[in-house]
Amino acid sequence: MKFVNDIFVGSTTEFAKRGREIYYKINPELEKEHKGEVLLIEIESGDYFVDKDPDEAMRKAKAKYPDRIFFRCRVGVGPYRKLRGGLYK
């Protein structure tokens with residue numbers, strides 16, 4: 001993973017792979033209380049933001065990381081939507 005001035009530099013495949021790795025680590029704990037909710041993962045830190053409302057999840061994420069992109073999915077039910085390898089800004 002490479003970041004230049006806090007901006008991810010690399011392929012979307014690499015980004016999505018890292019996002020999925022983090023997701024699979026945290027999914028068991030999240031699935032108990034947040035199944036079906038939107039999950040945004042900041043891949044460098046591993047921080048994540050979850051909410052039933054996708055806009056609220058993004059507000060939380062952007063409040064902490066205003067210039068970052070996020071891996072986006074739904075907890076326990078597969079992809080949120082097909083979006084360039086999981087990238088969402």
Side-chain angles (χ1 to χ4, degrees):
M1 246 5 78
K2 183 177 178 183
F3 285 81
V4 176
N5 296 326
D6 288 337
I7 297 171
F8 174 74
V9 178
S11 71
T12 56
T13 302
E14 182 183 10
F15 185 93
K17 180 181 176 195
R18 177 70 180 135
R20 283 190 301 273
E21 287 171 357
I22 296 168
Y23 170 75
Y24 289 125
K25 285 182 187 175
I26 61 177
N27 184 53
E29 71 180 67
L30 289 177
E31 215 172 289
K32 295 173 190 169
E33 295 185 28
H34 299 284
K35 189 167 187 172
E37 294 183 21
V38 174
L39 173 67
L40 299 175
I41 301 171
E42 197 289 306
I43 66 161
E44 184 178 23
S45 66
D47 288 350
Y48 60 89
F49 307 87
V50 63
D51 202 283
K52 291 177 184 171
D53 177 3
D55 293 331
E56 184 58 28
M58 183 56 74
R59 276 191 283 280
K60 292 175 187 177
K62 287 294 188 179
K64 187 165 184 180
Y65 299 104
D67 297 324
R68 296 287 175 91
I69 55 177
F70 303 92
F71 179 82
R72 183 176 181 166
C73 61
R74 286 202 183 269
V75 177
V77 294
Y80 181 75
R81 68 175 98 149
K82 188 81 171 162
L83 190 63
R84 292 179 291 155
L87 297 177
Y88 191 82
K89 186 167 182 171

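From I41, atom CD1 reaches atom CZ of R68 across 14.5 Å, with rounding to the nearest 0.5 Å. For the atom pair CG of L40 and OH of Y48, the computed distance is 12.5 Å after rounding to the nearest 0.5 Å. Rounded to the nearest 0.5 Å, atoms CG (N27) and NZ (K32) are 10.5 Å apart. The structure places CD1 of I69 at 9.0 Å from CD of E42, a figure rounded to the nearest 0.5 Å.
Take E56 and apply the side-chain contact (heavy atoms from CB on, under 4.5 Å) test, not counting sequence neighbours, and it matches D51, D53, R59, K60. Qualifying side-chain hydrogen bond (donor to acceptor under 3.5 Å, both in side chains) partners for K35, counting only residues two or more places apart in sequence or in other chains: none.
Ring geometry, F15 versus F71: the interplanar angle falls from 30° to 60°, so the pair is classed tilted.
The closest side-chain heavy-atom distance from D47 to K64 is below 4.5 Å. Contact annotation: the side chain of K17 never approaches that of E14 to less than 4.5 Å [non-hydrogen atoms, C-beta and beyond].
The two atoms that bring A57 and F49 nearest to each other are O-CB, 3.9 Å, heavy atoms only. Between G76 and Y23, the shortest heavy-atom contact is N-OH, 2.9 Å.
Under the 3.5 Å distance criterion, the side-chain polar atoms of R74 are matched with a main-chain donor or acceptor of G36.
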